[in-house]
Every structure is written in C-alpha cells, then in structure tokens.
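Quick notes on the structure that follows.
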Amino acid sequence: MSYSDIGALPQQVMEEDSPGFHLDLVDEYIKKDYMISSSGALIDASEAVLNPSNGIIDPSDSLTYYEEETMPVSSVASHIPQEHAFPYPRPPGPPIQTVDRGRFNFTAKVTNNSNKKYLYSEGLNKVYADVNCDFAVQFNWEPIAERMFVRACVVFADKEHAEKRVECCMQHRHAPNVPDNIRLNILRSSRELGTQGVYYHGDPSSPDSWYSVVVEFNASTRQRTHAYKFACKNSCSTGINRRSIQILFTLEDIDGTVYGRQVIAARICSCPPRDCRKDEETAGIQRSKKRVAKPDAAKSKKVKIETLTNQGDEEIVTFPPVQVVGHNVVTAGLDIMVKMMEHGKSLKKDDPEYVHACNISIENLKATLEQYRRDNGL
Amino acid sequence: MSYSDIGALPQQVMEEDSPGFHLDLVDEYIKKDYMISSSGALIDASEAVLNPSNGIIDPSDSLTYYEEETMPVSSVASHIPQEHAFPYPRPPGPPIQTVDRGRFNFTAKVTNNSNKKYLYSEGLNKVYADVNCDFAVQFNWEPIAERMFVRACVVFADKEHAEKRVECCMQHRHAPNVPDNIRLNILRSSRELGTQGVYYHGDPSSPDSWYSVVVEFNASTRQRTHAYKFACKNSCSTGINRRSIQILFTLEDIDGTVYGRQVIAARICSCPPRDCRKDEETAGIQRSKKRVAKPDAAKSKKVKIETLTNQGDEEIVTFPPVQVVGHNVVTAGLDIMVKMMEHGKSLKKDDPEYVHACNISIENLKATLEQYRRDNGL
Amino acid sequence: MSYSDIGALPQQVMEEDSPGFHLDLVDEYIKKDYMISSSGALIDASEAVLNPSNGIIDPSDSLTYYEEETMPVSSVASHIPQEHAFPYPRPPGPPIQTVDRGRFNFTAKVTNNSNKKYLYSEGLNKVYADVNCDFAVQFNWEPIAERMFVRACVVFADKEHAEKRVECCMQHRHAPNVPDNIRLNILRSSRELGTQGVYYHGDPSSPDSWYSVVVEFNASTRQRTHAYKFACKNSCSTGINRRSIQILFTLEDIDGTVYGRQVIAARICSCPPRDCRKDEETAGIQRSKKRVAKPDAAKSKKVKIETLTNQGDEEIVTFPPVQVVGHNVVTAGLDIMVKMMEHGKSLKKDDPEYVHACNISIENLKATLEQYRRDNGL
DNA sequence: GTACATGTGG
DNA sequence: CCACATGTAC
Ligand SMILES: [Zn+2]
Ligand SMILES: [Zn+2]
Ligand SMILES: [Zn+2]
Ligand SMILES: [Zn+2]
Ligand SMILES: [Zn+2]
Ligand SMILES: [Zn+2]
C-alpha cells in the first residue's frame, strides 16, 4: 500500500480502526512493567566512569545527578514479559538533561540522509521529521563492556515543562497495531515490534515513570547506529501541544550505570523542511523572502439605464446591456414583465398613453419571446 | 489518525498487517456464499420487462443475456450470514456490458464534483479517483417494486480481457481491517462494514463468480444515491495492471431480474486530474470544463443566443433590444433574474463555471439595479 | 466546560483525561441502547400527518418515504437506563435529508444572538460555532400532540460521505466528564446531563445506528427553543476531518412518527466569524441583509413567507395564507414558480428526489393555474 | 481581530 | 515547494 493509497482517505483509516476503538488496550495499562530489585552500589561506579574529565559537567553536579540516574530499579522488556530485570529502567522522576560525553566519549548524531524523508540541522542540533518517519542516529563510544545499552528518552526542552512526561497524544495513542505497553511512548524504535534488543520502559499509571526505549549494542558487532521514529507530532493538542522537545540519549551498561549523555532536539511535524528553515531563520540565519502577489479586485461596472419618462411607474425603459444565465431566466424575467404591464394596464385602463405604451412593449416582448423560444426550441 | 500521520509511512501500515499476510484467509475462501436454489421462470419475466421496445437492444441479444442475468442462483449477504438467499448473486460468467436503460429508464451518473477529491468527465463518462476515495453515484428509475437493488460490478473494458474477473491486487487485498469475504472485491460501498442493505458477492475460488456489490433501495425513500470507493488502482501490477475498467450497474429486483444496465468507466490512480486531462486530450475532446464563457456587459443589445451547452439551462444570453414600461417592471424583471440565478447557484454550487458566470451576471445586474434605483429615486 | 476551557488550554484536557484514560468507558459500548419492540401501524399514522394538504407532496409518496422514518424500533434514553422504549430511536441507516415542513409547518432556525459566541448565516442557513459553544435553535410547529419531540442528527452534507455516521473524533471523545453512552455523539444538548426530556441515541457498535439527541417539548409550555453544542470540530482529523456537516431536525411524536424535517448546516471551528465570512464570500452572495419589499396590497400578514434559499433551495414549502391583488399577479407569481422549478430541474436533473418533488409541484401548480384561468376567464 | 503556526492537498 | 485551511496567541 503506497502513500496515496492511505492518504486518499485518511478518514478511512480511523474508521476502520474505530470498531474496536483500541481503547481497552490503553485502558488496561497495569503496572506490570516495573519491579523493584536490589542492586549493588552503583553510585560509585557511575562516579568512576563519569567524573568530569571532559570539563562539561561540574563534579559536584555529576555526583548528584548520577545518583539519580543509577537508582536500582529494574525493568523488563515490555513486549516480551520477562522476570529478570533487564535492562534497567530509568530512575523515577524527570531525567537530567545535561550533556556529558563521559569518560568513554559518548556521542550521538543524526545521520544526514540524501533523500528528504527527514532533516537534521547541524547548527541547531535538531532533527525534523514527520510522524512515523524513520531517522537513524549514529552513536559512538569507546569500548566499555560487552553489552551496552543506549536509552532514548524524550523530554520537554523548556524548563517550565520538563517536569512533565512527554506522552503520546490522545489521537496517536489509539493508532492501530500498537501494543498497549508502548501506546504512550512517543519515541519508538524502527525495528519491528518484538525484536530482540529493544526494550520499552514507562508506566502510564506512575507519574514518576518516564517513557524511554532502550536499545542494546553488542561489542562484538561494530553496529553503533539505530533508527527511531516518533508516533506523535509536536503540534498534537492533547500531547506535546506545540512545546519543544528533545531526545535524551544515555549510554548505559546492563546494570543501568550511566556512562554518557547526549541530547538531540527534535521537531515532529508535517513540513520538516519548512519548519527547519524557519527555525534556522529565527536563529539568525538569513534567507531570502518571497512576496506574495495580490490578485486585483473584481471590477464592477456601472450601467446607465435609459429612461424616457420619470413619473409614476410609467417610464419606458430600455434594457441595460447586461447578460443573464439561462433560457428560463430570460423567459421568466420577460414573462413577468409582460404580466406586470398587463397588470398595470388593468389598473390604469383609463390612461390611454400608458395603455398604448404597454401594448407596444407587450407586443414587442411577446414577439421577442416567441422568436426566442422558437430559436431555442423552448 | 490523520493523513500525514499514516501517510508518512504508509508502507508501515501494510507491513504491520502483513505478518500473517492474511493469505490463509484469502486462500481459504470457502464457497459458503453461494447456494443454488430453484426459481421460477425468470427469463420470460425479464424479457417482459426488458423487451427492446426502445430500440436500444437487439431482440436476440436481450434474450440471451437476460437469460444469463436472471439465472436463479441465490446468495446471502456475505457480511451477515443468513439462511435465505438474498439478494441474488450475479449469474456465473462474464457480465453483459451493454447499456440499456430498460423500460423503467434506469440511469446512473457520478454526482457533479467541483471541490471534491474525484473527477468525472462527462464527455468520457468516466470517473477518476484515488484509491479509497468516496464518490457518489446518482441513480434513477421509474417506480417498479418496493425493494429494488443496484448491483455494481467492475469489469475490464477491453474485450480481450473481459473474460477475466477484476480482482483486488495482491497488495491491496491485504489492507488491514477488511473482512476476508470482500478482500478481492475492488469496488466497495462507502457504507460502514456490517451495514444493512449492502451485500457483497463473488467467490474467489470460483473463476466464474464475478465480484459485485449490491445495494438495496427502498421505494419508500426517494434516495437513489450511493457512494462507492475503489480498493485498488488501475496501475496495480498484480491486479488490474493498467487495463481499462468500467463499472457495470444493473437495476435488479429481489429475484435478480435485471431491469436496466448502465456503465461508467473508471480510472483509479494517484493523480486523477492529470490522468483525466490526458484522457480527454487523447480523446480529442474539447474539454467543456474549460470553456469559461463569461457574460460581457459591453455586448450589443441584439438578441444573442449562445448555445455553448444545450443541457441545463446554462446559456449566457444577451438582452434583446426591446423596451418595457415602468420602473417596477424593469426592476421586477431584473430582480427575478437575479433570484433565479441565485436559485440556480444554490442548486449547482458544485459547478464553478456556472457559479462564476452567474456571479458575474448577478453582480452586474445588482449594480445596474442599484444605480437604476438611485437614479430614479426608487 | 466552556470554549476557553478546552480551546485555550487543551493540554489541560489531556491531563485531566489521562489518569483514568476514560478509555474503558468508550470501549465498553454495548448494544444496550436498542431494543426491538412491536408497534402499531405507524405508516398510516405518518400518512395521516404527512398527506399533501398543500398539494406539494403526492399522497402515495409521503406514505412511502416516511415509512423508513417511523420504523418501530424502541429505544431508551441512554443516560437514564429505562426499560420502556422511549422515545423511538432513529430507524437504521443513513437518514433522509430532504427538507419538509410537513402538514404542521415545522420550522427550525438558529436564534441570532447579540454577542458573538456563535454566528448564523441566514443566506447559507449555516451556524458557525466553536466546540462546546451553546447555540439556541428556535423550533415551531402547529399543535399536534401533547408530547412532541425534536430529534437532531448530524450528517455529512456531501453525498459521497453521507453514508457514514458523524462521530466524535478520537480526541474529543475522550473529553473528561462525559458519559460513555454519548462519547461518540457530536451534537449534544446544552442542558445538564441527566436532564429529563433529553435522550441520546446511537450505538457505536451498530454501523446502522446513527447518533442523535432527542428533546421533548410539551404542549403545555410554549417553549419551542433548545440549546445545543458540538463536542468536536469540523477539522478534527480522526472525526469529521474537514468535511461539511449539517444538522437534521425531525419533529416526531412519542411513537417516532415524523411530522416534519428541517436542515441547518453547521461548521464547528475555532474562528467562526472568519470562516463564516469566507463561506459567504465564496458563495458570492451577501444575502445577510433583507430587502425591504413594498407590496402595495398590504394584506393580512398572517404568516411569514419563506425567505430565501438554504443549503440547496430544495425545501418543500407550503403556501402561506396570504392574499394578493390581481389575477395577473397571482398567475405571474405561480408562473414564475413553475419556471424556477423547471429551471432547477434542468440544473439538477440527476437528482431524482429533487426532480420528483419539482414534478409534483409543477404539475399541481399547472393544474391550479389552468383551473384558475378557466374559472376567471383569463 | 490580526499575525502566526501548522496541517493538507496538489 | 506552494497556496490554502485552520488552530492558536496576543
Ligand atoms: Zn481511547
Ligand atoms: Zn499526536
Ligand atoms: Zn491479508
Ligand atoms: Zn492494488
Ligand atoms: Zn474532535
Ligand atoms: Zn432556478
């Protein structure tokens, strides 16, 4: 099914989806994704790997926030119920948004594609894509452990909204063919659902449980790229609601220890190129503007109607040079004139001038009408 | 889910549905839809109603094809399992494509569209639409029975392919949320699935079982309109594969007796306007749509009859050089012309040419009237 | 919840809605709203009330087409579970959209308010309002029974979409504090939920069950006004999706017999004034202002004459009991009506409903005229 | 009510 | 990529 196949009748999609409403799915969210488990002292470990050697983070700060980041709460992959905690979920509460490559030089960068499915502005470090559009992120880090994980968590960029979770809007959460446990996750892996190595976190019923998707990378493979897609737009009124968002990537090991943190801003919209251009212009990048030509207004012409007399309703009037549309329109109009003059005659039968004028006009009109009808087979 | 929401990755939708490919469903079509039942002598009856009194049909022909058309095979509505056969399915084999209004003057016409997503070329009697785009067909016939049915069956227009059934392509037959029993039906009612009065026929496993959709019309309502949509494109390689198709509408009663037959060509594509233009150019038809003849207020007073179109009372007419008596006679006549054109506009608001021509005339007339009244203190 | 409550702070809505998701409510729609019950012969009853006393409608016709409307299916008020069937629900399937005042001169008109909470365009017969904005409709009819009901059902105005139900979009159906059984109803009474005399119909799980709200009027009170509000916008992608809609008002008695039908177009948007202006500009008619006619023969102005066109100038109008002076005036007036209907027929010859109504009226008018002329020696 | 933001259709 | 439709903010 191609783009236009569906696009031709978007309504159809919803309606087809409507019968089941997919509501039970979201409604039946239960807190099965989260299980608390004990864990070793991770704070020291994270400190060890995350000391501010790169100078980006203040030592005292990093201490605090890594304390949060490594809170030992375990999670299971939501699409494959497992009992063992793996990988670690996010610690509860709003995530830290500070960029920190960490000791192992963790980086994340949207790969610039040739086609125009999505855009990435280097200057703004921002990716522009439509909903459900796959975009690849290139990660990089120096060897740490055999199994490493990159967690992606979407947050509001503005401080005043950062305390709230970014959730899929009321509309997009009801998209068909989406498992209940990821309906609220706005950022999703492009990998097929159920793929090994992709784990969704986040519990809708726990206000402190931020949504995230974790992807596993194995040291044995040189693969450091993963494709994501958004399930909701920035403009969705019952979701992001035009607020700015950004993706938080954290490099973690199997114990949830954070080794680095990167941020990429994102805008999910219907017109990525346009919005990217506008953002860049706003940011100070000048571009040429186009002026819209204005169509000239419609002209209305004035027609002087020739009048021979001016008293009462007895003037002899020549038709103005206007045109009308429709045989019936013409004949109906002329007919009614005849009728009215006959009407007038009946009222002023004592006025020979008037009667005479009317008679002439009526005769002419009738002749005209007759010929008109004959000529046009009416 | 909005257009772009899905449109951004339409493929995804299909693929999500693909895992099972629903092939089992299609493959395992069982012949439960068709049950042979005995029936009275319908041939005579159909002859009776369809004798070529109008000269359109050759007697020998009508005999033959009505024999086929009224073959007493009973069917059940595929979406609502019923035990009684209703309404009759198509008789097996390729349908007759001869147009015949029949004794009851059966007509079918795609409703005029202007700002709509589909096109209808009057000259080519062909509808152009995208997949899943609803288009309304206006039927008409003189009263026959309380319950009447219009069967719509899509066939290949070219003789060399007319022996083959038109089936949904491999791709589109796997669209999500489509019941198995209509997956192969390329033409579908716009009504919600499961609705009363809409019946799908056609058995994939029987090569002689043509696909059709039957819609019931009750004499109690004056409603003679039904909306349809196509589920597949002309260009689909594994389906129509660029061959021309047309819709065969047959007016039938509850016994399957055929009372009339109409044909409308169709092209389902991604760019209806372009393809329509091309077809019309190829056909050498001076597109009536483009002949925008506007009233010119500066024309002579001579009676001028432009017969740009004979249909619909849409001629643009210049006032004849006659005179009338009385201010009110003039204004009443001109007023009534304005009224009638406004009336016409309200009835044909989908015809931009007509509306435009009327608007110009109305504007001129009103300006004329206004000035006339001002000049004469009316 | 007022307009600004949702519009100005949409985020608020989602958050309020999020905790419980309100999804279970919609999901658990069950077909409890409809129970079939036996009923007396309603067709006769409808015949009795709808016979063409005005000569516009053919007796046999009215008999049949109202048959649908009075299908004896019983319903309970959805918000107050009751065992007795009351009032009758809509008959299944797409509603008839033909305007017909009926014998008791049923009219519906949006009251033009002073403030600008909503707008009503007389010329377009269209109400413009924001979501959740109350607007009052003034009904009127001549006395029939003690308990009368006005059913309001929203339908798509375009034929190609009229076969589908108008449902609340995915977003607005999840608005907080809305009972499950009216979540899908886009048009709602402004009265407090649970108010006596307001009944919601429509079963989401039954494709043939159209949504409607029924309001009771008691003859003992002179109250003929009711306020409504829309719960969803025209632009909602997962709902109306920018298609045109209109409200169908039917005057019914407690048995579901239909006594009259009126239509008012509607547009629910964020900028009613702007969109109204645009629509009127597009229509090219500034019909908002009334023309001060000067009928010299100022006779009894007992009943107001129907003004101009509504959505298509296809209303069936009963002659008002006014008098005119002069044989020619009468015949001219009737003649012009015939002409205009013939004109309309030529423009809408494919619309059997309209053509049929016109034919009957024309025939009657011509007979009337003929006899009138004969009787008066004209 | 104006200017802008942003989805939609071509 | 453009014009427009249409929600949003001030
Ligand atoms: Zn829901
Ligand atoms: Zn969304
Ligand atoms: Zn399939
Ligand atoms: Zn196909
Ligand atoms: Zn809505
Ligand atoms: Zn007319």
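Keep in mind the model is a prediction, meaning the values are calculated, not measured. Letters go in sequence order (proteins before strands), and every chain restarts at 1. Both backbone and side-chain heavy atoms feed into the values below; hydrogens, waters and symmetry mates do not.
The CD-C1' distance, from A:Q171 to E:dG7, rounds to 14 Å in whole Å. Atom CD1 in C:I268 sits roughly 13 Å away from atom P in E:dT6 (whole-Å rounding). Here E:dA9 presents its C1' atom at 12 Å from CG of A:N241, a figure rounded to the nearest Å. Between C:K117 atom NZ and D:dG1 atom C1' there is a gap of 16 Å when expressed in whole angstrom units. Rounded to an integer number of Å, the gap from CD1 of C:I240 to P of D:dT8 is 15 Å.
Side-chain contact of C:Y120 with C:N125: a donor-acceptor pair under 3.5 Å is present, judged by distance alone. If you check the side chains of C:E280 and C:S121, you find a donor sitting under 3.5 Å from an acceptor.
An OP1 or OP2 oxygen of D:dG7 is reached within less than 4.0 angstrom by no side-chain nitrogen or oxygen of C:S237.
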Protein and nucleotides 3-6 of chain D: nitrogen or oxygen contacts under 3.5 angstrom:
{"residue": "D:dT6", "atom": "OP2", "partner": "A:R267", "partner atom": "NH1", "Å": "3.4"}
{"residue": "D:dT6", "atom": "OP2", "partner": "A:R267", "partner atom": "NH2", "Å": "2.9"}
{"residue": "D:dT6", "atom": "O5'", "partner": "A:R267", "partner atom": "NH2", "Å": "3.2"}

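In this structure A:D279 satisfies the salt bridge (Lys or Arg N to Asp or Glu O under 4.0 Å) test together with A:K126, sequence neighbours excluded. Every residue two or more places apart in sequence or in another chain was checked for a ring pair (Phe, Tyr, Trp, His ring centres under 6.0 Å) with A:Y128, and none qualifies.
Salt-bridge annotation for A:D134 and A:K229: absent, with no side-chain N of the basic residue lying under 4.0 Å from a carboxylate O of the acidic one.
The minimum heavy-atom distance between C:I247 and C:L187, with the atom names listed, is CG2-CD2, 3.6 Å.
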